[in-house]
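Quick notes on the structure that follows.
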Amino acid sequence: MPSTPEMYLSDVSRSSVRERGITMVELVITMAVMAVIMAAVTPLFTLLSRSFTNLEAGSVLPAGTQKALNRIQNRLGESRRLFENTTIGAAYLAKLPALPRTPVGWGQLPTINPGMALSTHSAVFVSSAVGNSLCFASTYAPNLLTNVGTVGTTVRVDSFMFNYYFISENTSVVVNGKPSLELWEWHSIPYADYQQLSLMTPARSSSTALALRNQYGVTFAWDSSADVPASAFYVLSTTGGVVAAPTHVIQTATDPKLRSANMIQVISGAASGGFKFGVSRNGFPQSHQVPIYGYNSSASDFPGGLEIMIVGPSSSRQVFVRLVVTAQGNFKGLLSYENVVLLSARDLY
């Protein structure tokens, strides 16, 4: 029978084995030993990968959540007016524009309770005062205007910005079988202090309004004392007028540094198999209970892993924030991380 290429290769392989002094039995034994070694080493590699993922999550997530809370603290340190879960707060929220991400339907502002304790064991603790979003106006950079009306005249006008922190679902990432929850921030353009403009003479107010437009690009003013948003906003016209704007919609910031974004940004998978994470949902089987402070019923996802309370007098509000995030990866179960901060804020308007 003529030789085929397959027979030739087979003869060469057997010849090669014989030349190296290795019998077929030895080759089979060697392959069997290697299989045993691989079977023994693979679980070790899996265990190491899980350990690295666990360590990575435990390193980057606490740092990422703390960074987010630090940014909120910086804004709250310049607060002017806090909005709460009342008709006034709801009216101001309704003045916000279309946001880049939709807040969850069960989002709620906290109710300010000056005398409330922050301990659930206290007789003066009120669970219904807890919220899971935050909206307030804070001071922005002052506007130092030169040559206002006449050469050499300098005027200072303060300005404000609106800030909104809320939870949004990300359906493209699933944690424990549900869409992940993200903590988002939104900021407005600066608004001139209407109260300062209203105390000026008509001529000075007009020249100042023009200077705000021309020197700083500020085109709107806000009356921080107004409880009805329809009477709180004004347009700084090109002719120097300060004109009421009852239908005004609060404008989104144009400064790239103030762009809306998911606040918890971490690098996952740099030293491990990676993991998914998000703000915790109620009842996740993890080491940190969610919720602790906010009232929860089985019919609602409120409040989730973001619980906010506001107590204390208006001159020195105390804003308590509890943030819990959940991570899921190639490790067993769910990992959770908690950050708790107590922030100071003014609420004088």
Side-chain angles (χ1 to χ4, degrees), residues 65-97 99-114 116 118 126-140 160-169 181-188 224 229 250 252-253 258-264 278-280 290-295 301-312 314 316-325 338-349:
T65 53
Q66 186 61 56
K67 184 177 180 180
L69 293 180
N70 289 345
R71 291 211 304 274
I72 296 176
Q73 181 178 19
N74 291 338
R75 293 295 173 198
L76 272 174
E78 301 171 341
S79 66
R80 178 63 176 264
R81 181 170 185 174
L82 302 174
F83 300 107
E84 57 179 322
N85 186 27
T86 61
T87 54
I88 296 173
Y92 269 98
L93 280 182
K95 281 290 186 178
L96 298 184
L99 301 174
R101 289 292 293 270
T102 304
V104 293
W106 37 273
Q108 178 177 297
L109 295 175
T111 301
I112 299 174
N113 191 323
M116 187 181 83
L118 297 176
V126 183
S127 63
S128 60
V130 178
N132 63 349
S133 64
L134 192 61
C135 185
F136 60 93
S138 59
T139 57
Y140 196 73
F160 308 105
M161 64 183 294
F162 295 88
N163 312 276
Y164 185 39
Y165 301 91
F166 60 93
I167 295 175
S168 178
E169 279 192 348
L181 300 177
E182 298 177 341
L183 174 60
W184 275 71
E185 62 180 325
W186 174 90
H187 307 282
S188 77
S224 60
I250 300 175
T252 299
L258 298 175
R259 70 181 186 279
S260 298
N262 175 11
M263 299 188 71
I264 306 175
V279 176
S280 294
V290 173
I292 287 182
Y293 300 96
Y295 171 75
D301 290 316
F302 177 85
L306 181 63
E307 299 176 273
I308 302 174
M309 296 178 281
I310 305 177
V311 300
S314 59
S316 181
R317 300 284 194 209
Q318 298 297 303
V319 181
F320 175 88
V321 181
R322 179 182 187 243
L323 176 61
V324 180
V325 295
E338 176 189 60
N339 286 75
V340 178
V341 293
L342 186 61
L343 313 172
S344 297
R346 292 185 306 160
D347 194 21
L348 299 172
Y349 51 89

Looking at every heavy atom in both [X] and [Y], which two are closest together, and how far apart are they?
{"X": "Pro110", "Y": "Ile308", "value": "CB-O, 3.5 Å"}
{"X": "Ala345", "Y": "Ser79", "value": "CB-OG, 3.3 Å"}
{"X": "Gly304", "Y": "Trp106", "value": "N-CZ3, 4.3 Å"}
{"X": "Asn132", "Y": "Pro303", "value": "ND2-O, 3.2 Å"}

Strictly distance-based, threshold 3.5 Å: is any side-chain N or O of [X] a donor or acceptor partner for the main-chain N or O of [Y]?
{"X": "Arg317", "Y": "Gly312", "value": "yes"}
{"X": "Ser138", "Y": "Leu76", "value": "no"}
{"X": "Arg81", "Y": "Ser224", "value": "yes"}
{"X": "Arg80", "Y": "Leu348", "value": "yes"}
{"X": "Glu185", "Y": "Met263", "value": "no"}
{"X": "Arg101", "Y": "Glu169", "value": "yes"}
{"X": "Ser280", "Y": "Val324", "value": "yes"}
{"X": "Thr139", "Y": "Glu78", "value": "yes"}
{"X": "Gln108", "Y": "Asn85", "value": "no"}

Which value, rounded to the nearest 0.5 Å, describes the distance between [X] atom [atom1] and [Y] atom [atom2]?
{"X": "Leu93", "Y": "Ile88", "atom1": "CG", "atom2": "CD1", "result": "12.5 Å"}
{"X": "Leu343", "Y": "Asn74", "atom1": "CG", "atom2": "CG", "result": "9.5 Å"}
{"X": "Leu306", "Y": "Leu183", "atom1": "CG", "atom2": "CG", "result": "6.0 Å"}
{"X": "Ile250", "Y": "His187", "atom1": "CD1", "atom2": "NE2", "result": "13.5 Å"}
{"X": "Asn339", "Y": "Thr65", "atom1": "CG", "atom2": "OG1", "result": "3.5 Å"}
{"X": "Asn163", "Y": "Arg71", "atom1": "CG", "atom2": "CZ", "result": "12.0 Å"}

Is any side-chain heavy atom of [Y] closer than 4.5 Å to one of [X]?
{"X": "Arg322", "Y": "Val290", "result": "yes"}
{"X": "Pro229", "Y": "Tyr92", "result": "yes"}
{"X": "Thr111", "Y": "Ser128", "result": "no"}

Is there a side-chain contact (heavy atoms from CB on, under 4.5 Å) between Ile72 and Val321? Walk through the geometry before answering. CA-CA 10 Å; Ile72 296 176; Val321 181; 5.5 Å; no
Between Trp186 and Thr252, does any side-chain donor sit less than 3.5 Å from a side-chain acceptor?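 Side-chain D/A pair, Trp186 to Thr252: present.
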side-chain contact (heavy atoms from CB on, under 4.5 Å) between Ile310 and Leu134: does it pass, once the steps are laid out? CA-CA 10 Å; Ile310 305 177; Leu134 192 61; 4.3 Å; yes
Quick one, Gln73 with Val341, criterion side-chain contact (heavy atoms from CB on, under 4.5 Å). Give me CA distance, side-chain angles, the key distance, then yes/no. CA-CA 9 Å; Gln73 181 178 19; Val341 293; over 6 Å; no
Please step through side-chain contact (heavy atoms from CB on, under 4.5 Å) for the pair Leu99 and Ser260, ending with a clear verdict. CA-CA 8 Å; Leu99 301 174; Ser260 298; 5.9 Å; no
Give me the one residue out of Phe160, Tyr164, Tyr140, Phe162 that meets side chain to side chain contact (heavy atoms under 4.5 Å, CB included) with Ser188.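 Checked Phe160, Tyr164, Tyr140, Phe162 against Ser188; only one passes side chain to side chain contact (heavy atoms under 4.5 Å, CB included): Phe162.
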For the pair Tyr293 and Phe320, name the ring-plane relationship: parallel under 30°, tilted 30 to 60°, perpendicular over 60°.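 Correct class here is perpendicular.
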Relative to the ring of Phe136, is the ring of Tyr165 parallel (under 30°), tilted (30 to 60°) or perpendicular (over 60°)?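 Because their plane-to-plane angle is under 30°, the rings of Tyr165 and Phe136 count as parallel.
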Suppose we screen for side-chain contact (heavy atoms from CB on, under 4.5 Å). Which residues come up paired with Val311, at least two apart in sequence or across chains?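 Partners of Val311 by the side-chain contact (heavy atoms from CB on, under 4.5 Å) criterion, ordered by chain and then number, come out as Met116, Leu118, Gln318.
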So, using salt bridge (charged side-chain N to carboxylate O under 4.0 Å, His left out) as the criterion, who are the partners of Arg259 when residues are at least two apart?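 Listed in chain order: nothing, the list is empty.
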